[in-house]
Amino acid sequence: MLACAPGALVAQHSAPLPISRVLADSDGDRVLDLLGRRVTVQGVVTSGPEAVGSSAVTAVIQDTGAGIVLFTREHGRLLGRVRRGDRVRAYGTVRQYYGKEEIVVDSVVRLGAGAVPEPHDAFAADLQGERLSGRLVRVAGRFLVEGDSGDGRKLVLRDRSGEIAVWLPSLLRDDPVFIREVLESERAEVVGIASQYTRGTDARGGYQLVPRDGRDFRLVRAPPYALIAAASAFLALLLAALRSWVRRRQAESRVRETAALNAQLALSQESLRQIIDALPLHIFVKDDEGRIAIANAALARTYGVTVEALEGECDRTASPVPAEAEQGRLDDLEVIRTGRPKLIPANPVTSAAGERRLIETLKVPYRFSRSDRVGVLCIGRDVTEERETQEQLRRAERLASIGTLVSGVAHELNNPLSAVMGLAQLMLMDPRSGEDVESLEMIHREAGRMARIVADLRRLARQTHEAEETPRALVDLNEVVHHVLRVRGYSLYTRNVSVVEDLQPDMAPVLADRGRIEQVIINLLVNAEQALGRITENGTITIRTRVESQGVCLSVEDTGPGIATESREHIFDPFWTTKAPGEGTGLGLSIVHGIVADHGGEVRVDSEPGRGARFVMILPRTGAAVQPRTTASDEWAPDAHRRLRVLVVDDEPPLRLILVRYLEGRGHHVDEAADGGAALRCIEQARNGDAYDAIVSDLRMAGIGGMELLERLRAQGTGMDRRLIFVTGDAASNDAERLLAASGVPVLIKPFAFGEVEALIERAASI
């Protein structure tokens with residue numbers, strides 16, 4: 001041991017130095033700056049204490065920056081006093097022993113339990129130097145064995161950066177189970193101290209990784225093959241066993257049993273052929289030139305040829321698509337070059353008939369017997385239907401999310417639509433000039449059409465085609481066409497679209513919901529306008545009505561670009577569109593189809609690319625004559641009725657105000673409440689006087705909603721629950737439909753006519 005330099009003594013109780021400072025070599029002469037000096041260090045024991053030979057004990061301590069070996073020849077200073085994980089303070093002399101840095105300790109003080117520092121992740125190449133010397137590191141790689149050393153088997157850990165020697169303590173080195181697990185591991189993670197080691201008198205022998213004990217080894221075995229890999233292993237083992245059996249039998253009796261062995265070999269090969277042909281997997285072998293040496297029936301069926309036609313062919317001649325053949329050849333060469341299996345998740349394969357399938361293929365290296373040539377054994381599984389099912393599930397999830405959004409938007413639109421229609425009804429009840437009445441009639445009619453669009457959206461969101469009970473009357477299609485063209489005239493004019501009306505006079509009427517038929521014609525016009533917008537020259541739209549043998553027909557024809565043949569079967573699907581983003585939602589024609597189907601009719605399309613498109617709506621005929629249309633002002637003319645006491649409950653102030661104004665205008669005494677709690681207080685106060693003849697309540701409200709209000713009224717047992725009337729804009733949702741069906745309470749669907757409200761109030765008051 002080197003002597004201390006003059007003046008180098010440090011007081012035993014001086015402040016601990018960082019271990020990295022103790023290991024410093026500022027001038028690069030491979031001699032520590034503090035060599036021979038007495039120092040105090042502090043850290044956590046990460047290895048040992050361990051007896052070395054018959055008289056020495058060593059341990060490794062680590063602080064946040066580095067680690068160093070503690071050395072003593074007095075066992076009592078370390079053994080039995082400290083253990084791995086203890087936080088200690090050590091005092092001693094710095095020395096270099098055959099290139100290793102150590103502190104020859106005079107005293108060690110245990111400070112309590114400490115946290116073992118987290119290992120520093122490193123590569124093998126990082127440990128080939130002094131930068132990480134003494135540090136606790138973790139290296140991941142694969143173990144190799146390079147013969148024996150003086151201490152026994154020498155283990156080497158290899159990663160992608162290089163190799164590093166791993167020192168095994170005798171306890172592990174002599175454990176055959178541990179050594180076998182190390183050698184059989186596919187991958188290992190080792191935690192240890194980066195250290196410099198020596199050989200003989202060579203103080204700069206090299207570098208190694210010193211694990212602390214068996215807990216520092218994390219060994220991972222090679223994972224088993226999946227189903228496809230298992231099949232390939234099975235076939236390879238079967239073939240090897242057959243060949244070994246044949247060779248053994250030939251060696252025992254080459255002359256006497258040659259004929260019998262050849263027959264048995266042929267039978268075995270035929271059995272093997274039957275086995276691989278019976279499997280639903282693609283099984284084939286290709287040589288290093290890409291020729292198919294062995295193929296089974298499943299592969300031949302996919303290509304649409306026979307097995308004999310495949311064997312002996314190369315990729316370029318077996319596949320009708322050059323790009324597929326070239327990609328397959330590149331994958332084969334990669335497997336042959338690397339010697340590693342490769343899984344292709346979705347390999348496209350096109351048959352001779354042009355049918356395209358998706359094949360999941362595992363390719364593994366295959367060495368031909370009695371030859372040095374290496375080919376590829378391929379095992380494939382047809383995943384076409386599986387991928388299509390996954391795509392259908394993703395599409396269904398997307399449609400479900402869009403349907404939820406549409407349903408929510410439709411519900412939110414019902415409240416403002418109810419307010420607009422209600423205000424129009426109230427204003428029509430007052431004496432007004434003819435021009436004002438006409439304007440209010442138009443407001444009410446267009447708002448009603450919007451309400452029917454909302455109802456259609458709700459039905460689409462629920463993905464049902466059930467016909468709703470809507471009021472229907474005899475409708476003149478010619479009159480509806482004139483009205484729609486007045487509404488859409490400005491848009492058509494500004495787009496330079498010419499409209500030709502070819503309407504048959506004295507058209508037979510149809511029994512229909514006028515508003516929904518208007519919606520059909522508007523959607524067909526908008527669809528034609530957008531089609532014409534994709535051409536540069538001015539376009540023409542022709543609207544034609546005819547009475548034909550199959551029914552009353554209305555057609556909308558444009559001179560646009562037409563519809564592709566492959567698109568015609570999808571044009572009535574919800575949310576399907578060929579238009580650019582922002583030009584369409586894919587709902588218009590789906591709504592048209594649903595409305596016409598609800599009326600017992602059908603929609604046909606006639607189109608060719610470059611020759612425009614013609615949509616024909618056919619509705620059933622009726623022999624009755626069209627009656628004059630009832631106006632909104634006629635519909636709400638006041639009748640004689642009795643005066644009732646009514647409670648209106650709604651958290652939407654506009655709707656509450658409209659109902660109150662209408663009922664008060666009809667002479668009823670009306671109270672109002674903003675939620676179910678306020679309604680219960682009004683009912684409690686009314687017990688002291690006249691009870692309510694009817695209660696009109698919204699179904700969904702903040703706080704106490706309509707269903708809770710019903711339950712509380714039933715619990716009171718006063719019979720007021722039988723006078724309750726629900727108003728809702730969410731009857732199309734499954735939850736609301738289930739609740740309303742179970743309640744037995746009359747329901748008004750927003751938007752509604754005042755006549756419907758008064759009829760239900762009269763019925764509730766008579767109970």
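For this chain, numbers begin at 1 and follow the sequence in order.
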### Trace of the side chain to side chain contact (heavy atoms under 4.5 Å, CB included) decision for Arg712 with Ile704
CA-CA 10 Å; Arg712 295 200 182 189; Ile704 297 177; 3.6 Å; yes
Within a strict 4.5 Å, meaning less than it, do heavy atoms of the [X] and [Y] side chains meet?
X      : Y      : value
Ile543 : Leu485 : yes
Val648 : Leu663 : yes
Ile725 : Ile761 : yes
Arg514 : His483 : yes
Val497 : Thr540 : no
Val696 : Val646 : yes
Phe726 : Leu710 : yes
Val727 : Leu699 : no

#### Entry: Audit row: Arg700, Asp651, salt bridge (charged side-chain N to carboxylate O under 4.0 Å, His left out) steps and yes/no
CA-CA 9 Å; Arg700 295 176 60 180; Asp651 58 353; over 6 Å; no
Once you round to the nearest 0.5 Å, how far does [atom1] of [X] lie from [atom2] of [Y]?
X      : Y      : atom1 : atom2 : answer
Leu524 : Glu557 : CG    : CD    : 12.5 Å
Leu532 : Asp558 : CG    : CG    : 5.0 Å
Ile618 : Arg604 : CD1   : CZ    : 3.5 Å
Ile591 : His593 : CD1   : NE2   : 13.0 Å
Glu479 : Met507 : CD    : CE    : 12.5 Å
Leu525 : Gln530 : CG    : CD    : 11.5 Å

### Message
Leu680 vs Gln716, test: side chain to side chain contact (heavy atoms under 4.5 Å, CB included). Steps then yes/no.
### Response
CA-CA 11 Å; Leu680 289 171; Gln716 291 176 1; 4.1 Å; yes
Are any side-chain N or O atoms of [X] and backbone N or O atoms of [Y], one a donor and one an acceptor, separated by less than 3.5 Å?
X      : Y      : result
Thr384 : Leu358 : yes
His668 : Arg643 : no
Arg546 : Asp502 : yes
Ser607 : Gly612 : yes
His599 : Ile595 : yes
Arg723 : Tyr692 : yes
Gln504 : Val547 : yes
Asp675 : Ala678 : yes

### Message
As a quick check of understanding, evaluate salt bridge (charged side-chain N to carboxylate O under 4.0 Å, His left out) for Asp650 and Arg656, giving each step before the final call.
### Response
CA-CA 6 Å; Asp650 201 310; Arg656 196 168 66 243; 5.7 Å; no
Search all heavy atoms of [X] against all heavy atoms of [Y] and return the closest pair with its distance.
X      : Y      : answer
Ala508 : Val552 : O-CG2, 4.0 Å
Cys682 : Glu672 : SG-O, 4.4 Å
Met701 : Gly676 : CE-N, 3.9 Å
Pro620 : Val510 : O-CG1, 3.8 Å
Ser697 : Leu709 : OG-CD2, 3.8 Å
Val556 : Ala528 : CG1-CB, 4.3 Å

### Check against side chain to side chain contact (heavy atoms under 4.5 Å, CB included), Val500 and Ile541
CA-CA 6 Å; Val500 176; Ile541 297 176; over 6 Å; no
### Query
What residues, two or more places apart in sequence or in another chain, satisfy side-chain contact (heavy atoms from CB on, under 4.5 Å) together with Pro654?
Ala419, Glu652
### Query
Partners of Arg722 by side-chain contact (heavy atoms from CB on, under 4.5 Å), sequence neighbours excluded?
Ile767
#### Entry: Full working for side chain to side chain contact (heavy atoms under 4.5 Å, CB included) between Val616 and Val603
CA-CA 6 Å; Val616 182; Val603 182; over 6 Å; no
#### Entry: Test item: side-chain donor near acceptor, His482 and Glu501, under 3.5 Å
yes
#### Entry: NZ/NE/NH1/NH2 to OD/OE distance under 4.0 Å, Arg714 and Asp721
yes
### Task
Answer yes when Glu385 and Arg357 have at least one side-chain N-carboxylate O distance shorter than 4.0 Å, and no when they do not.
yes
#### Entry: Residues Arg516, Asp598; criterion salt bridge (charged side-chain N to carboxylate O under 4.0 Å, His left out); working and verdict
CA-CA 10 Å; Arg516 300 186 75 195; Asp598 285 348; 3.4 Å; yes
